[in-house]
Peer 1: 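Would you mind keeping the following structure in view while I ask a few things?
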There are 2 protein chains.
Amino acid sequence: MRDSDRTVIRALALFREIAEAEFDRLIEGAFLQRFPMHVVLINEGEHADFLHIIVEGVVELFARYEARETTIEILQPVTTFIPAAVVRDDVYLKSARTLAPSRILMIPATNVREMFGRDPVFARAVVDEVALRYRRLVRALKDQKLRTGAERLANWILETDRQQGSRGRVSMPYEKRTLSALLGMTPENLSRTLASLTAHGISGNGREILISDRDALLRCARPDPLIDGPE
Amino acid sequence: MRDSDRTVIRALALFREIAEAEFDRLIEGAFLQRFPMHVVLINEGEHADFLHIIVEGVVELFARYEARETTIEILQPVTTFIPAAVVRDDVYLKSARTLAPSRILMIPATNVREMFGRDPVFARAVVDEVALRYRRLVRALKDQKLRTGAERLANWILETDRQQGSRGRVSMPYEKRTLSALLGMTPENLSRTLASLTAHGISGNGREILISDRDALLRCARPDPLIDGPE
DNA sequence: GATCGCCATTGATAATCGTCAATTCGAAAT
DNA sequence: ATTTCGAATTGACGATTATCAATGGCGATC
């Protein structure tokens with residue numbers, strides 16, 4: 001593993017506080033690997049043998065049921081997946097694939113579980129991480145059950161703009177079909193909804209969305225700190 | 001606190017393994033209280049000052065957005081809520097209310113957070129608990145995004161029957177309007193969907209549902225271990 | 001046992017959303 | 001520049017779901 005990678009991973013909330021020696025033991029047997037775009041890293045139903053960490057790139061967590069498929073979450077560096085399955089020593093409930101060329105660190109699940117018992121500081125960090133993920137998922141479920149498609153899209157635009165520096169210019173980090181799956185709608189409906197939001201403060205060209213009238217967009221979106229942010 | 005209550009709480013996965021002295025310290029300042037039906041215990045947005053444990057009764061976790069409201073989860077003894085907010089020392093994202101006369105144990109959040117650092121066994125138990133909840137929520141989100149209303153209802157019937165001993169006779173533990181909110185539909189639609197399932201293996205009277213043709217119901221529901229069970 | 005109030009049901013209608021099909025658009029390769 | 005392939009858009013249609021309104025039923029209360 002390169003030194004610069006080590007530094008980045010070490011800076012993760014999950015590893016920041018633990019002792020040097022413990023960190024070395026943890027990443028023993030781990031490996032950092034490059035993957036091209038659209039590679040499946042995890043298949044739901046498989047046993048959780050590794051804790052994955054996305055060091056670079058974009059990863060989609062998705063799930064299938066019969067012929068249907070939906071996106072649960074989209075992850076960007078630096079984040080772990082999927083901690084809950086590793087902690088419980090169980091099968092994954094979600095699949096994962098790269099949406100861009102990515103570098104992924106894979107830590108053997110046994111190392112992670114072993115280290116709970118040894119290092120209280122690490123155990124505390126893992127609790128924090130899983131609890132954070134739990135809360136994100138609560139927000140996602142509220143978003144899905146309490147809002148219409150147009151509201152979800154409007155809030156996604158505002159939230160993504162915030163993440164990109166509130167410049168009023170949002171660039172989509174992945175395909176529209178992926179965004180539609182994340183928002184819980186079909187690609188066709190995303191197109192139409194995006195078109196209809198043109199009358200409410202946005203204008204878009206391809207993968208760029210411009211927020212021309214933030215107040216109008218806010219009136220559509222009505223963001224809520226208990227759904228959208230700040231996490 | 002009564003001795004019998006103490007025994008029940010002590011048997012929780014969260015507390016089973018910890019030392020007697022630690023347990024005593026944890027529940028110092030805790031109190032066990034009775035609540036009538038339909039009492040709000042937690043308001044989303046409030047800071048998480050207590051870890052709640054439902055010792056007896058039924059508790060609904062729900063959330064509001066504007067004038068809308070939905071159910072996130074329904075809890076029965078013995079379960080904690082809401083561990084993630086307590087762990088992260090943050091505000092609740094969900095509200096909670098009793099759906100039946102209930103007895104709730106409330107442990108000061110500071111006690112819980114303090115004990116992480118002291119007791120690795122407890123820290124490990126908390127990780128397990130939060131991870132379990134995370135996985136339940138993943139299942140709920142998959143259920144919501146990947147299935148139709150009728151499928152969700154059919155699977156709820158099968159799952160509830162299993163929980164009640166697979167006797168082919170399901171009794172609803174709460175009002176139909178609550179079930180409809182849990183399943184992400186309106187009460188009107190629940191009525192209609194329930195009526196339509198009559199042609200597929202069930203027959204119902206009020207709060208009782210009889211599974212008359214399990215195979216037919218299974219063909220409707222198509223349960224999936226990665227969504228419905230076994231947790 | 002009669003009254004009251006709320007939940008549940010049913011019907012009618014409208015809005016939302018998904019599906020199918022046909023283009024259009026755009027990026028990558030030749 | 002041209003070709004090519006797949007994504008994105010657009011339109012038409014159908015299914016699903018929500019909303020509004022009215023009625024029926026059930027339990028709680030007196």
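Here is the naming used below: chain letters follow the sequence lines, and residue numbers restart at 1 for every chain.
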Peer 1: From CG of B/Leu190 over to P of D/dT19, roughly how many Å is that when rounded to an integer?
Peer 2: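 In whole Å, D/dT19 P lies 15 Å from B/Leu190 CG.
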Peer 1: Using whole Å, what does the distance between atom P of nucleotide C/dG18 and atom CZ of A/Arg68 come to?
Peer 2: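 Atom-to-atom, A/Arg68 to C/dG18, this comes out as 12 Å.
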Peer 1: Regarding B/Gly206, tell me which of base, sugar-phosphate or nothing describes its non-hydrogen contacts under 4.0 Å with the strands shown.
Peer 2: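 Counting heavy atoms under 4.0 Å across all strands, no contact is made by B/Gly206.
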Peer 1: Side-chain N or O of A/Ser191 versus OP1/OP2 of D/dA8: is the shortest distance under 4.0 Å?
Peer 2: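 Looking at the OP1 and OP2 atoms of D/dA8, neither is under 4.0 Å from any side-chain N or O of A/Ser191.
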Peer 1: Closer than 4.0 Å, any side-chain N/O of B/Asn189 to the OP1 or OP2 of D/dA18?
Peer 2: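 So the side-chain polar atoms of B/Asn189 do come within 4.0 Å of the phosphate oxygens OP1 or OP2 of D/dA18, strictly under.
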Peer 1: How many whole angstroms separate atom CD of A/Glu69 from atom P of C/dT19?
Peer 2: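 For the pair A/Glu69 CD and C/dT19 P, the rounded distance is 14 Å.
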Peer 1: Answer yes or no: side-chain N or O of A/Arg192 and base N or O of D/dG11 forming a donor-acceptor pair under 3.5 Å.
Peer 2: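 For A/Arg192, whose side chain was compared with the base of D/dG11, there is a donor-acceptor pair (under 3.5 Å).
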Peer 1: Please report, rounded to the nearest Å, how far the P atom of C/dC25 is from the CD atom of A/Glu175.
Peer 2: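 Distance check: A/Glu175 CD to C/dC25 P gives 19 Å.
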Peer 1: Calculate the interatomic distance between A/Glu151 atom CD and C/dA15 atom P; express it in whole Å.
Peer 2: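 Result: 16 Å.
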Peer 1: Say you draw a straight line from CG of A/Asn155 to CG of A/Leu217; how long is it, rounded to the nearest 0.5 Å?
Peer 2: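 It comes to 8.0 Å.
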Peer 1: When only distance counts, do a donor and an acceptor, one from the side chain of A/Glu188 and one from the base of C/dC20, lie under 3.5 Å apart?
Peer 2: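 Such a pair exists between side chain and base.
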Peer 1: As a test of reading the structure: which of C/dG18, D/dT17, C/dT9 is closest to the side chain of B/Lys176, going by heavy atoms?
Peer 2: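 Nearest listed nucleotide: C/dT9.
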Peer 1: Assess whether a salt bridge exists between A/Glu159 and A/Arg139, defined as any Lys/Arg side-chain N lying under 4.0 Å from an Asp/Glu carboxylate O.
Peer 2: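 No.
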Peer 1: Check B/Val39, B/Leu32, B/Val55, B/Leu41 against B/Ile104 for a side-chain contact (heavy atoms from CB on, under 4.5 Å) and give me the one that passes.
Peer 2: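 Passing option: B/Leu41.
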Peer 1: Where does the angle between the aromatic ring planes of A/His52 and A/Phe81 fall among parallel (under 30°), tilted (30 to 60°) and perpendicular (over 60°)?
Peer 2: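 A/His52 vs A/Phe81 ring planes: parallel.
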